[in-house]
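Here the structure is a predicted model, which means the values were calculated and not measured. Protein chains get the first letters and strands the later ones, always in sequence-line order, with residue 1 at the start of each.
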Number of protein chains: 2
Amino acid sequence: MSDGPDAMVRRRRLAPEARREQIVDAAVCYFAEVGLSGTTRDLAKRAGITQALLYQYFRSKADLLEAVFARVYLDRMSPHWPALITDRSRPLRERMLTFYAEYSGAIFSYEWLRIFMAAGLAGEALNRRYLDHVRDLLLAPLLEEIRFAARHNAQPEMEDLWNLHGGIIYLGIRRHIYHLPTPDDVMPVIERAIDRFLAGFAIGERA
Amino acid sequence: MSDGPDAMVRRRRLAPEARREQIVDAAVCYFAEVGLSGTTRDLAKRAGITQALLYQYFRSKADLLEAVFARVYLDRMSPHWPALITDRSRPLRERMLTFYAEYSGAIFSYEWLRIFMAAGLAGEALNRRYLDHVRDLLLAPLLEEIRFAARHNAQPEMEDLWNLHGGIIYLGIRRHIYHLPTPDDVMPVIERAIDRFLAGFAIGERA
DNA sequence: TGTTTAATTGGTCAAATGATCAACTACGGC
DNA sequence: GCCGTAGTTGATCATTTGACCAATTAAACA
């Protein structure tokens, strides 16, 4: 057992902010991997600190999980998406492609998808709040845009948009929840799905 | 505290088969609701038996979970689906509608979706096996059928079919994992999705 | 460099949990 | 009606786990 100079993991005192960040980072990674019922001890071991220290920064495990949720969800929702979606100076197809490129880039991560799904199973209210947000601020405006573009044809309903959305999200679920092989680049698949969707409402036939 | 004659819950001896069935039934319901990390004590309480009795029928909790998985998955996959999908005496659209009506009827259940998702998060190999099954026995033949029907047009890829499939499954996920409101009757949504899909490959324009 | 502050730790407690076992009792056979 | 088999139970053990606390020590400051 040679303790090289680098192997020395002496106790390091960090600024509270930095330490807290480090704990939340490790917690996001840990709980995404093992599920929300992972133990504080294992988490501490992985974070390279003692279990007791967790309780210096969080009152309880539930409190820590709150921080994990906040970290995972916050700032994944770009504030410029609503404006992007409703910007009629750009073709609708282009807006949708840009939006879903950015959206999938934001949430197709191992941590996000697994923690989101685990939170859903655990009955966390956060899921519903997040998806209400998606519906009200993203899909509802998008529906309006599509309806406007298809104003002389069949009109899509919100459920049709959820269907498009779900087909795209399912790519991430297959990859990160089920560990199934998926294309490295998801955009071609998403692009074809969007084109089929728009064509289904006779949009973009000649424009 | 009156112990009415009906309130008497004396120990009842059941045939081993029946008891085992009863335990698995209760376990499916229980673990679907609270997740795979639910406790054997709570499960026993809900099943109306003592915790020790569980270990008369199952060597361990993992063993019991195996039985739960088997119960949930077995016989959800109708053996006539492959034949239905490849039956070219019927129009492709009709086959797809029939298949997805039966498929969604089979798996859009609280227990199935939640246990399947929990198993995915827990890294159970079962998920991958099941989805390989779906791909090889259902989606691959279906892809062949669609390609044949679209043989003079653009050809879909397997990823396009996963996209269609995912959009449909997402309905169940929204309902049972996220507890979001969804249409009581899912078939109209599914029907429109299938029609958009087929139209995207110029199928059914005149046939 | 000595002092102070608070970040960090090892140790510990109480409750929860998977698993086991001897004892009890319901049911079928005589 | 009695008996033996086996289904069922309460009690218990060994770990695990969330949470806490006094003691320790690294960093900031004079």
Side-chain angles (χ1 to χ4, degrees), chain A residues 3 5-69 118-119 122-124, chain B residues 3 5-28 30-69 118-119 122 124:
Chain A
D3 271 340
D6 293 74
M8 257 172 76
V9 203
R10 299 257 307 280
R11 166 165 28 171
R12 287 261 327 178
R13 180 174 174 166
L14 263 65
E17 284 295 304
R19 178 65 83 189
R20 197 188 151 95
E21 289 295 297
Q22 178 213 351
I23 291 178
V24 175
D25 279 346
V28 165
C29 177
Y30 173 73
F31 288 119
E33 188 174 324
V34 309
L36 302 188
S37 55
T39 71
T40 54
R41 272 166 235 270
D42 278 353
L43 164 60
K45 195 180 299 177
R46 186 182 293 206
I49 60 174
T50 59
Q51 183 235 7
L53 190 56
L54 292 176
Y55 288 86
Q56 184 76 11
Y57 293 91
F58 304 95
R59 216 184 299 172
S60 64
K61 184 185 169 183
D63 202 41
L64 169 58
L65 281 177
E66 282 295 317
V68 167
F69 293 151
E124 296 285 338
Chain B
D3 270 342
D6 293 73
M8 259 173 74
V9 203
R10 299 259 304 282
R11 163 163 34 166
R12 288 262 328 179
R13 182 176 174 166
L14 262 65
E17 285 296 300
R19 179 66 84 189
R20 197 188 151 95
E21 288 294 296
Q22 179 213 351
I23 291 177
V24 175
D25 280 346
V28 165
Y30 173 72
F31 288 119
E33 187 173 324
V34 309
L36 303 188
S37 56
T39 70
T40 55
R41 271 168 236 269
D42 278 352
L43 164 60
K45 194 180 300 177
R46 186 181 293 205
I49 59 175
T50 58
Q51 183 233 7
L53 190 56
L54 293 176
Y55 288 86
Q56 185 76 10
Y57 293 91
F58 303 95
R59 218 185 300 170
S60 64
K61 184 184 170 183
D63 203 39
L64 169 58
L65 281 177
E66 283 293 317
V68 168
F69 292 152
E124 295 285 338

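- If you measure from atom NZ of A:Lys61 to atom C1' of D:dA19, you get 13 Å, rounded to the nearest angstrom.
- Side-chain contact between A:Glu124 and A:Leu65 is absent, with no heavy atoms from C-beta onward closer than 4.5 Å.
- Taking atom CG of residue B:Leu54 and atom P of nucleotide D:dG10, one finds them 13 Å apart after rounding to whole Å.
- Atom NZ in B:Lys45 sits roughly 15 Å away from atom C1' in D:dG10 (whole-Å rounding).
- Atom CD1 in B:Ile49 sits about 12 Å away from atom P in D:dG10, given to the nearest Å.
- In this structure, A:Ala52 and A:Asp42 both approach DNA chain D, and ranking their closest nucleotides by distance from the 5' end singles out A:Asp42.
- Rounded to whole Å, atom C1' of C:dA6 lies 12 Å from atom CG of A:Leu53.
- Between the side chain of B:Tyr30 and the main chain of B:Gly35, no donor-acceptor pair closer than 3.5 Å is present.
- Across C:dG18, D:dT8, C:dT8, the shortest atom-to-atom separation from the side chain of A:Gln56 is found for C:dT8.
- Separating the CG atom of B:Leu65 from the C1' atom of C:dG18 is a distance of 12 Å, rounded to the nearest angstrom.
- At a threshold of 4.5 Å between non-hydrogen side-chain atoms, the residues A:Val34 and A:Thr39 do not count as touching.
- Ionic pairing of A:Arg46 and A:Glu33 is present here: one or more N-O contacts between side-chain nitrogen and carboxylate oxygen are shorter than 4.0 angstrom.
- Dashed line: the shortest gap from a side-chain N or O of B:Tyr57 to OP1 or OP2 of D:dT8 is under 4.0 Å.
- Checking the phosphate oxygens (OP1, OP2) of D:dC20, no side-chain nitrogen or oxygen of A:Tyr55 falls inside 4.0 Å.
- Contact check, B:Arg41 against C:dG18: no side-chain N or O comes under 4.0 Å of OP1 or OP2.
- Judged purely by atom type and a 3.5 angstrom limit, A:Lys61 uses its side chain to pair as donor or acceptor with the backbone of A:Gly38.
- One finds a side-chain N or O of B:Thr40 lying less than 4.0 angstrom from the OP1 or OP2 phosphate oxygen of C:dG18.
- The distance between atom CD of A:Gln51 and atom P of D:dC20, rounded to the nearest whole Å, is 11 Å.
- Look at A:Arg19 and you won't find any side-chain N or O under 4.0 angstrom from OP1 or OP2 of C:dA7.
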